[in-house]
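Single-structure report; data block below.
Position 1 is the first residue of the sequence; numbering continues from there.
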Amino acid sequence: MKHGFLRYSLAALAAGLLLLAVLAGQQFRLFERAWFNTIAWFQQDQRRERSLWLPGYRAEIQAKAVEGLADDLSALTFDQERRVLVSVTNQPPQLVELSLDGELLRTVELRGFTDPEAIEYIAPGLFVIADERAQRLVEVRLDADVRVFDAAGAPQLSLGIGLNGNKGLEGLAYDPLSETLLVAKERNPVRIFGIRGFPHRQPAAAMDVEVLEDLERDARLFLRDLSSLDFDAASGHLLVLSDESRLLLEVDRDGRPISSLSLLAGQHGLERSVPQAEGVALDDRGVLYLISEPNLFYRFVPR
């Protein structure tokens with residue numbers, strides 16, 4: 001009787017552990033991620049030729065605290081004209097300008113914003129900021145001397161896509177080839193929308209706004225959440241950052257994952273895992289920059 005009960009208990013335990021493994025695999029998209037890694041390994045030679053090939057990147061600067069900021073760095077973009085990095089914080093709302101070494105250069109007070117969560121460089125002096133909770137995009141025009149920017153009167157676009165509080169607009173990228181602004185919805189579910197017609201490249205210009213979806217591409221994103229986006233015009237590929245998955249993913253124009261960069265300790269020269277990845281940007285020389293809350297700066301270079 002005891003042996004029968006023991007066998008039953010062990011079988012029940014094994015079944016429970018198997019069920020937990022299956023549920024964890026579904027929750028963390030482990031099966032899709034393992035399949036992607038297998039395919040990427042077998043096709044690495046041909047994929048490397050036509051991509052950024054993230055496995056070749058190594059951390060050159062890691063976990064550097066940005067002096068002069070307490071915390072709350074969120075999002076990152078590369079200003080091609082001035083060759084600086086630009087981010088935002090939401091407590092207090094401000095735009096933050098950084099050097100390519102992670103040094104604080106300037107802050108700009110943002111008035112009329114409730115929760116600035118993402119920023120994207122569009123053209124010289126022209127940016128877009130995403131106000132997450134309000135689900136709106138704000139056109140921002142700056143020069144080198146600005147210290148305060150007020151959203152009042154600035155062109156804006158409101159999006160009512162899957163309103164659910166603090167799980168709204170989380171990342172921006174701009175495709176200059178098609179003049180499409182890419183907007184990431186953080187989760188529940190993860191989505192990337194394309195917007196044409198905003199922002200206006202000329203201050204007086206106006207045109208119809210078109211919202212594009214690619215459900216097939218979004219379904220291929222084996223990521224638990226979306227933290228940030230960036231677009232590489234040279235390859236036409238999109239970089240998708242996920243904090244919860246601890247992963248940076250490279251996606252081609254057809255929506256297929258091409259390569260990835262793990263944010264876990266021991267990978268790509270990282271001594272410690274990136275705690276809370278919030279923003280990624282690629283410069284015109286192929287160098288990757290990443291920021292993590294509270295105020296940590298990373299730089300990855302290709303080998």
Side-chain angles (χ1 to χ4, degrees), residues 51-89 94-108 110 116-129 140 142-147 149 171-176 227-235 237-241 243 248 250 259 261-263 267-272 274-303:
S51 71
L52 288 167
W53 194 244
L54 297 177
Y57 278 77
R58 291 294 179 269
E60 183 180 57
I61 298 176
Q62 52 185 297
K64 175 181 177 178
V66 179
E67 300 295 336
L69 293 176
D71 54 27
D72 215 24
L73 271 176
S74 182
L76 198 63
T77 190
F78 175 65
D79 184 330
Q80 300 175 22
E81 179 191 29
R82 303 185 61 229
R83 295 194 55 77
V84 297
L85 298 166
V86 184
S87 182
V88 290
T89 67
Q94 60 183 351
L95 178 148
V96 176
E97 192 175 278
L98 305 173
S99 74
L100 301 185
D101 295 321
E103 300 293 333
L104 180 63
L105 300 176
R106 173 173 69 144
T107 61
V108 176
L110 296 175
E117 191 65 31
I119 185 168
E120 180 66 10
Y121 171 87
I122 307 297
L126 175 61
F127 298 83
V128 171
I129 291 179
V140 177
L142 299 174
D143 60 43
D145 299 321
V146 170
R147 289 294 179 267
F149 177 82
L172 297 173
Y174 185 66
D175 176 357
S227 300
S228 184
L229 303 174
D230 199 23
F231 184 81
D232 175 36
S235 65
H237 291 180
L238 182 66
L239 294 176
V240 185
L241 180 66
D243 162 40
L248 177 64
E250 178 184 4
S259 73
L261 185 151
S262 173
L263 304 180
Q267 303 294 316
H268 305 279
L270 287 171
E271 297 175 1
R272 295 183 181 179
V274 177
Q276 188 174 339
E278 289 289 335
V280 64
L282 182 75
D283 73 12
D284 52 0
R285 299 175 183 174
V287 177
L288 273 171
Y289 305 88
L290 188 144
I291 52 109
S292 171
E293 289 191 0
N295 63 337
L296 302 180
F297 176 86
Y298 297 77
R299 186 168 73 197
F300 294 84
V301 295
R303 290 190 299 181

Start with the C-alpha distance between Arg272 and Gln62, add both sets of side-chain angles, then the distance that settles side chain to side chain contact (heavy atoms under 4.5 Å, CB included), and finish with yes or no.
CA-CA 9 Å; Arg272 295 183 181 179; Gln62 52 185 297; 5.9 Å; no
Applying side chain to side chain contact (heavy atoms under 4.5 Å, CB included) to Leu248 and Tyr57, what does each step give before you reach the verdict?
CA-CA 11 Å; Leu248 177 64; Tyr57 278 77; over 6 Å; no
For Ala75 and Ser87, the nearest pair of non-hydrogen atoms, with its separation, is O-OG, 2.6 Å
Side-chain donor/acceptor of Ser227 to backbone N/O of Asp243, under 3.5 Å:
yes
Can you tell me how far the CG atom of Leu76 sits from the CG atom of Leu282, to the nearest 0.5 Å?
11.0 Å
Between atom CG of Leu239 and atom OG of Ser228, what is the distance when rounded to the nearest 0.5 Å?
9.0 Å
List the atom pairs, with distances to 0.1 Å, where a side-chain N or O of residues 284-291 and a protein N or O form a donor-acceptor pair under 3.5 Å, not counting sequence neighbours.
| residue | atom | partner | partner atom | Å |
| --- | --- | --- | --- | --- |
| Asp284 | OD1 | Arg83 | NH1 | 2.5 |
| Asp284 | OD2 | Arg83 | NH1 | 2.8 |
| Tyr289 | OH | Asp283 | OD2 | 2.8 |

Backbone N or O of Arg303 within a donor-acceptor pair of the Arg58 side chain at under 3.5 Å?
no
Step-by-step side chain to side chain contact (heavy atoms under 4.5 Å, CB included) determination, Leu241 to Leu263:
CA-CA 10 Å; Leu241 180 66; Leu263 304 180; 3.8 Å; yes
Give a yes or no answer on whether the side chain of Ser235 reaches the backbone of Leu52 with a donor-acceptor pair at less than 3.5 Å.
no
Considering non-hydrogen atoms only, spot the tightest contact between Leu105 and Val84 and give its length.
CD1-CG1, 3.8 Å
Mark yes or no for whether Gln276, through its side chain, and Glu293, through its backbone, hold a donor-acceptor pair below 3.5 Å.
no
Lys64 (side chain) donor-acceptor with Arg299 (main chain) under 3.5 angstrom:
no
Least distance between heavy atoms, Val146 atom then Val108 atom:
O-CG2, 3.5 Å
Provide the closest heavy-atom pair for Ile122 versus Val128 in the form atom of the first, atom of the second, distance.
CG1-CG2, 4.0 Å
Check Ala173 against Phe231 and note the closest heavy-atom contact, atom names and distance.
CB-N, 3.9 Å
Taking every heavy atom of Leu69 against every heavy atom of Gln94, the minimum-distance pair comes out as CD2-NE2, 3.7 Å
Does Asp230 form a side chain to side chain contact (heavy atoms under 4.5 Å, CB included) with Phe78? I'd like the steps, not just the answer.
CA-CA 9 Å; Asp230 199 23; Phe78 175 65; 6.0 Å; no
